[in-house]
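Just so you know, ligand 1 is whichever comes first in the structure, and atom 1 is the first atom listed for that ligand.
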Amino acid sequence: MNLVLFSKRLLWGIYILKLIYEEVCCEQVPCAARSYGQSSVICVCNATYCDTVEPESRLTQGYANMFISTLAGQRLEKSVINFTQQPSKTAQVTLEVKPQIMYQTMLGFGGAFTDATGINILTLSLPAQYHLIQSYFGRSGLEYTLGRIPMASCDFSTHTYSYDDNPGDLDLVNFSLTMEDIKYKIPIIQKAQSVNRQKILLFGSPWSAPAWMKTNQNMTGYGTLIGNPGGPYYKAWAKYFVRFLEEYRKHNITLWGLTAQNEPTDGYIHNFPFQAMGWYPDQQKDFIALDLGPALKAGGFSDVRLMILDDTRLNLPYWAEKVFSQESSASMYVSGIAVHWYEDFIAPTLSLDVTHKEYPDKFILATEACITSNFPSKVSLGNWENAEKYTHSIIEDARHWVTGWSDWNMALDMEGGPNWVNNFVDSPVIVNAKADEFYKQPMFYAMGHFSKFIIPGSQRIEMPQVTSLEGFESIAFQRPDGSLAVVILNRGTSPVLTAIHDPVVGYLTQTVPPRSLITFTWWR
Ligand SMILES: *[C@@H]1O[C@H](CO)[C@@H](O)[C@H](O)[C@H]1NC(C)=O
Ligand SMILES: *[C@@H]1O[C@H](CO)[C@@H](O)[C@H](O)[C@H]1NC(C)=O
Ligand SMILES: *[C@@H]1O[C@H](CO)[C@@H](O)[C@H](O)[C@H]1NC(C)=O
Ligand SMILES: *[C@@H]1O[C@H](CO)[C@@H](O)[C@H](O)[C@H]1NC(C)=O
Ligand SMILES: *[C@@H]1O[C@H](CO)[C@@H](O)[C@H](O)[C@H]1NC(C)=O
């Protein structure tokens, strides 16, 4: 082992010891706030300083943990409050928790290990990298439990590449992972796993097959696989998934899931600017039934959860109805339906409800979201509205059968990249390499209000939505140990004196400040 590698391992070891120490002590390290002129602030982390979240306390009955984030600058600040037996006479709203009425079981919350995520993390000094990974995955951080891995390149890469750019190599004898996996994805995933006390459910998604497998001989633009399902190119493409799973397994990374294609509708858009491959739902159905399903089974990967769609819910329930049609065996290979948030404003939640009703044994998972609309620059440092958009989407999705929510890039640069087609967007963590700093945006804490508390295996429970107050949203869950968690979002400009009524414990009365986000947890 050379000296550099040895010192890196030593530093990492010391860092793990520090984490263990923090776990058995610790008070919250507060946000080092900085304003960039937006509605709220970002929290600055560097090599020597990074804010943390104080762990939940295991409270006796009658008390609740409360974690609050506000436009005014609080970030997952913890306190303990108590229940009362009588309702407060002045409460403006009462939220009735009904744990006997249960809905879907949650898989988790997370983000994507894109090339851009890895590239940005690696521009930081080693101690700052540790803080970033800890912030997302550690005990004193958000404890993410979902991770999406682009299979080869996407727009958040520095160039286009596949795992087999050898025209005609239908047997994939020259299939190999690239420098990007070895440098930007695998080590980051391994570090994330090493600080996480929960298992991270990892799932892969391809953007495009190698250009030579496609009708347009290009990873971008309008095109699909050559030939028909059951044909040689479809067989090769199915094998590509198996080879990907095998190669990651060689690095001790076991994938939990796969989506059959990222945004299959993009590849049927003329001149689509970045990596994409077009699929119609019938085509995806036949590919899964004839090629991908059998290939995964033969490769020993039948336990890998296969998801269809991986595109906006505007395509539902139509897409699911096609893929799961009775005449085909596709359905038996498929575990879930993946959705992206980008057209939610024109696609009613009814599409999710109908899909769940028709296919109750297929989970629905939100697999990509990001803020694309900031103006004038794509990165908006300290923007509170973006945190509200994330929270609103998570609550809305989870109220309509969605079992988890995975964000897009976990770390971008000050411009919102790198992205080889300049399709810059925002991210919950922005890295400023020059200053060796990274910035936790309000969106980061919005994710934490769910990921840290709504742990995998939690079940959504009934708590009717209050419709009388504009911008006031809420949701309740029961966690695997029987404790309850409630998240409230107040997008309004007035404080709301809120009572949460748990028939077993009593009334929890709390003023929910304007423009705030609160998570409550309690045992009964
Ligand atoms: C890191 O952040 C802390 C807290 O904001 C600050 O006191 C310290 O000077 C920073 N270190 C560097 C090298 O900028
Ligand atoms: C419980 O909370 C109420 C206000 O909600 C407060 O008046 C009371 O003193 C608290 N009781 C205890 C035991 O902390
Ligand atoms: C695999 O790669 C080797 C070395 O580049 C090349 O000689 C060979 O033709 C390739 N095979 C296929 C089937 O692409
Ligand atoms: C793929 O399409 C892009 C965009 O039209 C074009 O610039 C590029 O040259 C094409 N690549 C190949 C290998 O044809
Ligand atoms: C994978 O894990 C095994 C057992 O823990 C270990 O022996 C092996 O070196 C690991 N391989 C890699 C590539 O990390």
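Open room surrounds CG on N271; 12 or fewer heavy atoms of other groups in view lie less than 6.0 Å from it.
Of all protein heavy atoms, the one closest to atom 5 (O) of ligand 1 is A32 CB, 3.8 Å. The shortest contact between atom 10 (C) of ligand 3 and any protein heavy atom is with N174 ND2, 2.4 Å. Ranking protein heavy atoms by distance to atom 12 (C) of ligand 1, first place goes to N46 ND2, 3.3 Å. Here the heavy atom of the protein found nearest to atom 4 (C) of ligand 1 is Y49 CG, 3.6 Å.
With contacts defined as side-chain heavy-atom distances shorter than 4.5 Å, the pair F109/K452 does not qualify. In this structure the side chain of P514 reaches within 4.5 angstrom of the side chain of P495, judged on heavy atoms.
Distances from atom 7 (O) of ligand 1 to the protein include no heavy-atom value under 4.0 Å. In this structure, atom 14 (O) of ligand 3 has protein heavy atoms in its sub-4.0 angstrom surroundings.
By the 3.5 Å distance cut-off applied to N or O atoms, N166 is not counted among the residues near ligand 3.
Using modelled atom types and a 3.5 Å distance limit, the side chains of Q283 and Y234 yield a donor-acceptor pair. Between the side chains of D181 and T178, a donor-acceptor pair is found at a separation under 3.5 Å. Side-chain atoms of T519 and H449 form a donor-acceptor pair, as typed in the model, at a separation below 3.5 Å.
Close approach of ligand 4 to T220 (heavy-atom distance below 4.0 Å) involves ligand atoms 1 (C), 2 (O), 3 (C). Residue-ligand proximity, V173 to ligand 3, at heavy-atom distances under 4.0 Å covers atoms 13 (C). If you number the atoms of ligand 1 from 1 as listed, the ones under 4.0 Å from a heavy atom of T48 come out as 1 (C), 11 (N).
Considering each of T160, N218, N271, the one bringing a non-hydrogen atom nearest atom 3 (C) of ligand 4 is N218.
With salt bridges taken as basic N to acidic carboxylate O contacts below 4.0 Å, one links D310 and R148. Ionic pairing of E56 and K78 is not present here: no N-O contact between side-chain nitrogen and carboxylate oxygen is shorter than 4.0 angstrom.
The residue V44 has no part lying near ligand 1, judged by heavy-atom distances below 4.0 Å.
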